[in-house]
Peer 1: 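What follows is a single structure, and I will ask about it in a moment.
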Protein chains: 2
Amino acid sequence: MKELLGKDMRLTNQRRIILEELKSVTTHPTADEIYGMVRQKMPRISLGTVYRNLEVLSSLGLVRKLENAAGQKRFDGDVSPHHHIRCEVCGKVGDIFDAPDITGIEQGLGTDFQITGVSLEFSGICPQCQAGKKLAQ
Amino acid sequence: MKELLGKDMRLTNQRRIILEELKSVTTHPTADEIYGMVRQKMPRISLGTVYRNLEVLSSLGLVRKLENAAGQKRFDGDVSPHHHIRCEVCGKVGDIFDAPDITGIEQGLGTDFQITGVSLEFSGICPQCQAGKKLAQ
DNA sequence: TTATTTGCAAACTATTTGCAAGATT
DNA sequence: AATCTTGCAAATAGTTTGCAAATAA
């Protein structure tokens, strides 16, 4: 597990625990939520460190940063290819593993941009918000 | 043009000018950029008013709010169905009118969310940033 | 012994809000 | 008159940054 990070980059306890915690859930937590999770195991970590390390981990491709979204960024410990659905009411994010394949959809489009990626995101209402319709959590 | 807005909603000069300015460009400006544009015609308007009215106009469907994005929200005066591409370097947004149709892609997916929408967004590098590769504007 | 990383606090950016004054019906 | 809207300024939320101390190669 030593060589996961790049040259001159260390797998510190902070990084390891952030990564472990993120991989242990499927909830796509925000930086702040990750901060709360990690603090249970490492009470003196700071929010700045969490932000810095999420940035490092996502630029290394070890976690996925979900910024194609309203509001806060969220993070996903599952880097396998899949899509997301975001609750319009509470902002919670779920996974979509079985959407039709859109590979190649970016070919031959009329744009002067050099295309580097495509993102398909669904929006909807999560089960909890469907239930408690009035009091959007 | 009086009945464009809902009951008890007025088409004030501020709203009209914001709408006109936004419809006069294809650049998907940020709230701050719209503030700059509108101030040329209405120097005493405040940024808060611009934010408030962009919210009103987009909730009425008269403009489109692009929040599926990193960083700032952007606004589009063209509400016809089309997709967007965002420059990874400078954040600029372009239009994509000729992407393959993905209508119905949300049908029968394995999720407990009630699906209400789909968004396809491309990312890439705009012509200006391709040119000046070092000095990302 | 040198470069990286951390905790802390302050700074920053984008956006929202409270409120008294102004405008519209 | 009653309601909606504005300008202004202050507040808020999320994130980033500077820096001295701590840590690890």
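Residue numbers start from 1 in every chain, and the chains themselves are labelled A, B, ... in the order their sequence lines are given, proteins ahead of strands. All of these numbers come straight from a predicted model, not from anything done at the bench. Just the heavy atoms: all of them, side chains too, but no hydrogens, waters or symmetry mates, feed the values below.
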Peer 1: Look only at the side chain of A/Q130 and the backbone of A/I125, and say whether a donor-acceptor pair between them is shorter than 3.5 Å.
Peer 2: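 Yes: the side chain of A/Q130 pairs with the backbone of A/I125.
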
Peer 1: Starting from B/V25 and following side-chain heavy-atom contacts under 4.5 Å between hydrophobic residues (I, L, V, M, F, W, Y), which residues can be reached?
Peer 2: B/M37

Peer 1: How long is the line joining CG of A/L11 and P of C/dT6, in whole Å?
Peer 2: 10 Å

Peer 1: Take the protein atom CZ of A/R16 and the nucleotide atom C1' of C/dT5, then report the distance between them rounded to whole Å.
Peer 2: 15 Å

Peer 1: Minimum heavy-atom separation for B/H28 to B/V93, with atom names?
Peer 2: ND1-O, 2.9 Å

Peer 1: Once you apply a heavy-atom cut-off of 4.0 Å, does A/N53 come out as touching a base, just sugar-phosphate, or nothing?
Peer 2: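 Counting heavy atoms under 4.0 Å across all strands, the contact made by A/N53 is with sugar-phosphate only.
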
Peer 1: Specify the separation, in whole Å, of atom CG of B/L66 and atom C1' of C/dT15.
Peer 2: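 Answer to the nearest Å: 17 Å.
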
Peer 1: CD of A/Q72 versus P of C/dT16: gap in Å, rounded?
Peer 2: 13 Å

Peer 1: Using atom OH of A/Y35 as one end and atom C1' of C/dC8 as the other, report the distance to the nearest whole Å.
Peer 2: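 Interatomic distance, OH of A/Y35 to C1' of C/dC8: 10 Å.
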
Peer 1: Select from A/A31 and B/R44 the residue whose nearest nucleotide in DNA chain D is closer to the 5' end of that strand.
Peer 2: B/R44

Peer 1: Spell out yes or no: do the side chain of A/R15 and the base of C/dT6 have one donor N/O and one acceptor N/O closer than 3.5 Å?
Peer 2: no

Peer 1: In whole Å, what is the span from the CZ atom of B/R10 to the P atom of D/dA2?
Peer 2: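 Taking CZ of B/R10 and P of D/dA2, I get 14 Å after rounding.
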
Peer 1: Looking at B/Q14, does any N or O in its side chain come under 4.0 Å of the phosphate oxygens OP1/OP2 on D/dG7?
Peer 2: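 Yes, such a contact exists.
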
Peer 1: Do any side-chain nitrogens or oxygens of A/T12 fall under 4.0 Å of OP1 or OP2 in C/dT6?
Peer 2: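 So the side chain of A/T12 is within the cut-off, an N or O lying under 4.0 Å from OP1 or OP2 of C/dT6.
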
Peer 1: Have A/H84 and A/D76 got a donor and an acceptor in their side chains that come within less than 3.5 Å?
Peer 2: yes

Peer 1: When the distance from CD1 of B/I18 to P of D/dT6 is rounded to whole Å, what number comes out?
Peer 2: 7 Å

Peer 1: Rounding to an integer number of Å, can you tell me how far B/N13 CG sits from D/dT5 P?
Peer 2: 13 Å

Peer 1: Please check if A/I105 and B/F97 belong to a single hydrophobic cluster, counting links between Ile, Leu, Val, Met, Phe, Trp and Tyr side chain heavy atoms closer than 4.5 Å.
Peer 2: no

Peer 1: For B/K65, which residues count as a side chain to side chain contact (heavy atoms under 4.5 Å, CB included) partner, sequence neighbours excluded?
Peer 2: B/E55, B/S58, B/E67, B/K73, B/F75

Peer 1: Can you check nucleotides 16-18 of chain D for protein contacts, nitrogen or oxygen pairs under 3.5 Å, and list what you find?
Peer 2:
{"residue": "D/dG18", "atom": "O6", "partner": "A/R52", "partner atom": "NH1", "Å": "3.4"}

Peer 1: Roughly how far, to the nearest 0.5 Å, is the OG1 atom of A/T26 from the CG atom of A/D95?
Peer 2: 6.5 Å

